2 protein chains.
Amino acid sequence: MIAKKEIVVDRRIQKTKKALTEALIDLILEKSYEKVTIQDIIDKANVGRSTFYIHYESKEQLLLDGHNNLNVKLFFDELDDAKGSEISFDNLFVHIAENQQLAKAMLGKKGGNMMTEFFKNNVALKIKKKFGRQFDKSKKEQKLLTFLADAAGAAVISFLVSWLEDEMPFTEKEISSRCQCLVTAIFERVSK
Amino acid sequence: MIAKKEIVVDRRIQKTKKALTEALIDLILEKSYEKVTIQDIIDKANVGRSTFYIHYESKEQLLLDGHNNLNVKLFFDELDDAKGSEISFDNLFVHIAENQQLAKAMLGKKGGNMMTEFFKNNVALKIKKKFGRQFDKSKKEQKLLTFLADAAGAAVISFLVSWLEDEMPFTEKEISSRCQCLVTAIFERVSK
DNA sequence: TTAATAATGAACATTATGTACTGTTTTACA
DNA sequence: TGTAAAACAGTACATAATGTTCATTATTAA
């Protein structure tokens, strides 16, 4: 077995990226994503202007990169845990509750549209996979499948964000099972 | 009866506002809402910089104002046409189809989040009114009602946008009745 | 210890924003 | 049709963010 080349990331890079990411999260919660400028970020992170551009070329890239991504991926891996043909949102909501501040920054009203879209697309994709076999291969049926999966994804994210922004008034179990119910309802009833 | 004072809007104002609005719509379809600058708008509309600021203080205000609003209001008045406890989306979709280019600019992928939110909130509000009586006055039930109405609204808008962006592959009747079915399904099945 | 490289800070050109002011043109209305 | 009011164009200006470049300093991995 060949030894895996261990890539060591320079500590300076780690520190810089961490500072920038944390500054962005803070600033999103302070103002709102759209209103955060790169200038704000480098001021708050106490990082030189040119340093920012070494690593990123926009705040969008900054938001997508780094340990955010790790968290985001985790969110979705959880969706796969369910057995059978149902999607379980249990772990997703638990994970969201555990990372409330990050989730609010990324998905709340102050968070940019990009992250919400990203989440929505991922949920829709999972839904599409689960229910795909119920639709035949005709173009029309496939379009309907896509439309329904997107709509269900949008509904789930809306549910999730409402819950998150409203101090999580239901238990994770409760909100999660309603989400599952919602998706099932849409596919059983609307796909004819 | 007192004669209603007729307010005549200066022709110059009408012309200016129309030019600015049309420029914005065109620019949204060319680039995307976020990337349109006020500079772009006044260049395309061939209007002086100071003139813009006489009437509006941002592009958001421009988008919300004017005959756009007339159209938007029309969209939603149509939702009230249905008899009984169901919401009919028939006229909405017909109206959207008739104003395809405007609708795409406002609701499509290139359109800003603002208009989509606006639409979603309006649809959610109508839905809430229709189904409100099925929920008791307890805080928890009222929250669930709000969450469900918002989720249903999000699903409807997602459906609408998919349809609009995909060259409207179903008839207005078809897509509209699926929307209605979707809303009903959510409320019958998820509200327990 | 040292060669590599990341960060700093300053400078610079470019672009958008929002305001202010002057002079010109268009309008509503009497 | 004449006139006062207004909307407009055009210019100038201050402010702010963007993105790039470069010389210098510091930190790091080996």
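Convention: sequence-line order gives letters A, B, ...; per-chain numbering from 1. Keep in mind the model is a prediction, meaning the values are calculated, not measured.
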(message) Applying ring-ring contact (aromatic ring centres under 6.0 Å, His included), can you list everything that pairs with Phe159(A), at least two apart in sequence or on another chain?
(response)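 Phe159(A) satisfies ring-ring contact (aromatic ring centres under 6.0 Å, His included) with no residue once adjacent residues are dropped.
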
(request) Using the test ring-ring contact (aromatic ring centres under 6.0 Å, His included), find all partners of Phe93(A) that sit at least two apart in sequence or belong to another chain. (result)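 Partners of Phe93(A) by the ring-ring contact (aromatic ring centres under 6.0 Å, His included) criterion, ordered by chain and then number, come out as Trp163(A).
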
(request) List, by chain and number, the other hydrophobic cluster members for Val94(B), where Ile, Leu, Val, Met, Phe, Trp and Tyr join if side-chain heavy atoms come within less than 4.5 Å, directly or indirectly. (result) none

(message) Who clusters with Val9(B)? Use side-chain heavy atoms, under 4.5 angstrom, across I, L, V, M, F, W and Y, and order the result by chain and number.
(response) Ile13(B)

(message) Test of understanding: with salt bridge (Lys or Arg N to Asp or Glu O under 4.0 Å), list the residues that count as partners of Lys129(B), not counting sequence neighbours.
(response)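 Partners of Lys129(B) under the salt bridge (Lys or Arg N to Asp or Glu O under 4.0 Å) test: none.
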
(message) Applying salt bridge (Lys or Arg N to Asp or Glu O under 4.0 Å), can you list everything that pairs with Lys35(B), at least two apart in sequence or on another chain?
(response)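 Salt bridge (Lys or Arg N to Asp or Glu O under 4.0 Å) list for Lys35(B), sorted by chain: empty.
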
(message) I'd like to compare against my own output: the B/S/- annotation of nucleotides 5-11 of chain D with a strict under-4.0 Å heavy-atom distance to protein.
(response) -BBSBB-

Distances under 3.5 Å only, N/O to N/O: pair up the protein atoms with those of nucleotides 1-3 of chain D.
none

(message) So for atom CD, which belongs to Glu141(B), do other residues, nucleotides or ligands contribute more than 12 heavy atoms lying within a distance under 6.0 Å?
(response) yes

(message) Which residues in residues 28-42 of chain A have a heavy atom closer than 4.0 Å to any atom of DNA chain D?
(response)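 Within this stretch, Thr37(A), Ile38(A), Gln39(A) sit under 4.0 Å of the strand.
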
(request) Among residues two or more places apart or on two chains, list those pairs meeting ring-ring contact (aromatic ring centres under 6.0 Å, His included) that have a residue in residues 10-54 of chain B. (result) Phe52(B)-Tyr56(B)

(message) So for the helix from dT1(C)-dA30(D) to dA30(C)-dT1(D), with five pairs setting each end axis, what is the inter-axis angle to 10°?
(response) 40°

Please table the atom pairs, donor to acceptor, closer than 3.5 Å between any side-chain atom in residues 182-189 of chain B and protein atoms at least two apart or in another chain.
unit_1    : atom_1 : unit_2    : atom_2 : d
Thr184(B) : OG1    : Glu86(B)  : OE1    : 3.4
Thr184(B) : OG1    : Gln180(B) : O      : 2.8
Glu188(B) : OE1    : Arg189(A) : NH1    : 3.3
Glu188(B) : OE1    : Arg189(A) : NH2    : 3.0
Arg189(B) : NH1    : Glu188(A) : OE1    : 3.3
Arg189(B) : NH2    : Glu188(A) : OE1    : 3.0

